[in-house]
Amino acid sequence: MRGKDKIGQPPDRGTVLRLRMIISPGSGGRLSWSLVKGSTDLPKIALIANAYAGMYAEIEAEMDVVENPDVVAARRRFQLRNIVLVGVVFMLLSSASQTCSTVETIVIDSVHDQYFNGTSTMGYNLLAVLNGVIASSVWISQTVVSNIGPKNAMLVGGVCYFVFVSTFIRPLAGTLYGGAVILGIGQAMLWTAEGSFLSLNSDKETIGRHSTIFWALYQTSLLWGNLFFFYEMHGQDTIADETRYWIFGSLMVLAAAGVLVILTLKYPLPKELLNPRATIQSDGNQTGVKSRTFLQSIGSSFRLLRTRPIWMMMSTFMYIALEQTFWSNVYQSSLGYTKQFGPGVSESLVGLSGVCVGCGEILGSFVYGLVDKRFPRLGRDPVVVSGYLLHMIAFFLVFVNIPNDAPLGDTFSEAIIHPNYSLALLCSVLLGFGDSAFNIQLYSFLGDAYSSDSVPVFALFQFVWGLTCCGAFFYSTVLSLQYQLIILVVMGSLSMTTFSKIEWEFRRTRSFVAPSGPRPHRSAEEEGLLHSHDS
């Protein structure tokens, strides 16, 4: 609404509306409303809140909520079930897709016939295309998630994963690149939906625990797919057609199982279990998130770019993309190309390295989850600093252990030391441990700070992540190992510094205020205003 409306004159810029919502034990979940200052007329209060929530940064909805403990416990059990199930979904789908991404460079290089002639760098090109599509599809995925809900969006994304895996049964240039495009669309949709689903099924007290549980379950995908690949490839120098059929046929079964598990998610929450804060923030959309058109989706995310917190988080978005590109493909492909490990050892080491990364991810999730439970006031920044230090150690050990030309193809060269099998696997564990620190804390921060409308910020994260991965896979085909490690060290240092600073600010104020300016009909989250969840 602009200017005058049914309610009358807009409140002065210094006016703060305070809505008090009380759910007393034994009330059966009924709400009791009052306006701390002014009329107690419920329709008028609702109109005021809706009309002016986005017009002035000074207008807040502050709720003192006293809920029935039984309702809180029931809701959290319901939400925990959803988080565990969505973790299983990502475990199954990623067991298929991540195993493909990890081994595709080696698999493609093993296929040479009249229909297809694979090269050692084609896998990098496919991954570059994949992440470019992810970046460009984020805005479509945000619109889809906003209009059909996160559960249905994850279902569509899961089908895309299945299609991608199937293209490796009979590798052809056209189908491989087509599969990468389809997976890019599905992955953008899946991860945007996951961020929204995580936020909708958490509150400020459970977001840390739920992020940890999800990440631990998700990263077990590195164990199953890579253990299977290690078992199949042990002692083999090439990947025969029969082996390829068996590997990717099994991965297709995993992807199909992931799609089926999505159908078991309970969503949306039953009305009697809804969080009161979510009730007042809802715009009435049955999907549980704000409905947007394509242009509104782009606008809601790019308005966040006007805010300082998002600019501060950009280096973390980019670093996570760079280090995941490194350990998920560049490093493991380098192990496969390093022939100094011995005949038949290099190829099987690719799968075993993925297992070790998964062990590091799961161990990190457990340790950091325990730290969050025992020391809740510690904050997120010490965890990120510990992950940064582990990554710096890993990068140094990779530098001394792996030949400089290993990312570019088969090599019989040596590094500073003779390539050591055990040291290579230790680096994988450290890379996974550090990665869990950055990802868990980032998802916890975004889910906490943007809880009322998380779709735009997670879509923006996917956009930056996809563009950065795309660039990283392209330079991986031309840059030697030492230059790739320099890029990781510089970006990691910047990420650790900026994340810690923005976390300190958020813990101190529990809010970030965007540049002021009246924008009718915009929510506080769309304006970049992060509201405290403290009563």
Side-chain angles (χ1 to χ4, degrees), residues 90 93-94 96-98 100-102 104-105 122-146 150 153-154 156-158 160-161 163-164 176-198 215 218 221 292 294 297-302 304-305 310-311 313-330 435 438-439 442-443 446 450 454-477 484 487-488 491-492 494-495:
F90 274 72
L93 293 177
S94 295
S97 67
Q98 282 192 0
C100 285
S101 298
T102 299
E104 67 182 11
T105 299
M122 186 178 179
Y124 296 142
N125 294 334
L126 283 174
L127 290 168
V129 170
L130 165 64
N131 288 284
V133 174
I134 290 174
S136 60
S137 300
V138 159
W139 316 118
I140 299 174
S141 70
Q142 184 183 167
T143 303
V144 173
V145 173
S146 296
M154 283 191 280
V156 175
C160 293
Y161 273 63
V163 173
F164 169 72
L176 288 174
Y177 281 107
V181 170
I182 292 173
L183 179 63
I185 296 171
Q187 191 163 323
M189 200 172 299
L190 196 75
W191 279 100
T192 301
E194 184 277 332
S196 176
F197 197 80
L198 175 66
W215 195 254
Y218 163 59
S221 61
R292 295 182 175 92
F294 177 72
S297 296
I298 296 177
S300 63
S301 289
F302 275 87
L304 293 174
L305 289 175
I310 291 299
W311 278 109
M313 296 299 294
M314 279 293 173
S315 58
T316 302
F317 292 173
M318 297 174 67
Y319 177 66
I320 287 177
L322 292 174
E323 55 94 5
Q324 286 184 346
T325 300
F326 181 76
W327 65 253
S328 68
N329 195 271
V330 175
D435 181 64
F438 278 93
N439 278 277
L442 177 66
Y443 273 82
L446 296 181
Y450 294 86
S454 59
V455 173
V457 71
F458 279 106
L460 183 62
F461 168 49
Q462 285 298 306
F463 176 71
V464 176
W465 183 89
L467 280 184
T468 306
C469 285
C470 182
F473 282 119
F474 274 124
Y475 76 58
S476 297
T477 64
Q484 298 193 42
I487 293 172
L488 288 167
M491 288 302 301
L494 182 61
S495 171

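One finds the CG atom of Leu176 at 10.0 Å from the SG atom of Cys100 (value rounded to the nearest 0.5 Å). Here Ile320 contributes atom CD1 and Trp465 contributes atom CH2; the two are 10.5 Å apart, rounded to the nearest 0.5 Å. A distance of 11.0 Å separates OG1 of Thr192 from CE of Met154, quoted to the nearest 0.5 Å. Going from atom OG1 of Thr468 over to atom CZ of Phe463 covers 9.5 Å, rounded to the nearest 0.5 Å.
If you look at Trp191 and Tyr218, their ring centroids are closer than 6.0 Å.
At least one side-chain heavy atom of Asn439 sits less than 4.5 Å from a side-chain heavy atom of Glu323. Between Leu442 and Met313, the closest side-chain pair of non-hydrogen atoms falls below 4.5 Å.
Across all non-hydrogen atoms, the minimal contact from Phe458 to Gly195 is CE1-O, 3.6 Å. Contact detail for Ala193 and Ala153: the closest heavy-atom pair is CB-CB, 3.9 Å. Pairing each heavy atom of Ser221 with each of Phe90, the nearest pair is CB-O, 4.4 Å. Heavy-atom minimum distance, Tyr161 versus Leu93: CD2-O, 3.6 Å. Shown here for Val145 and Ser196, the closest heavy-atom pair between the two residues is CG1-CB, 4.5 Å.
Met314 pairs by the side-chain contact (heavy atoms from CB on, under 4.5 Å) definition with Leu305, Ile310, Trp311, Phe317, Leu460, Val464, not counting sequence neighbours.
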- Using the side-chain hydrogen bond (donor to acceptor under 3.5 Å, both in side chains) rule, take Ser315 and Ser495 through it: C-alpha gap first, then chi angles, then the decisive distance, then the call. CA-CA 5 Å; Ser315 58; Ser495 171; 4.8 Å; no
- Item | CA sep, side-chain torsions, deciding dist, call: Ile185, Ile140, side-chain contact (heavy atoms from CB on, under 4.5 Å) | CA-CA 9 Å; Ile185 296 171; Ile140 299 174; over 6 Å; no
- Message: With side-chain contact (heavy atoms from CB on, under 4.5 Å) as the criterion, how do Tyr443 and Phe461 come out once you've worked through the C-alpha distance, each side chain's angles and the decisive distance to 0.1 Å?
- Response: CA-CA 10 Å; Tyr443 273 82; Phe461 168 49; 3.7 Å; yes
- Query: After noting the C-alpha distance and the side-chain angles of Ile487 and Tyr475, does the key distance pass the side-chain contact (heavy atoms from CB on, under 4.5 Å) rule?
  - Reply: CA-CA 11 Å; Ile487 293 172; Tyr475 76 58; 3.9 Å; yes
- Using the side-chain contact (heavy atoms from CB on, under 4.5 Å) rule, take Gln324 and Cys469 through it: C-alpha gap first, then chi angles, then the decisive distance, then the call. CA-CA 8 Å; Gln324 286 184 346; Cys469 285; 5.8 Å; no
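No donor-acceptor pair under 3.5 Å is formed between the side chain of Ser137 and the backbone N or O of Ile134.
Each of Tyr319, Trp327, Trp215 was compared with Phe438 under the ring-ring contact (aromatic ring centres under 6.0 Å, His included) criterion, and only Tyr319 meets it.
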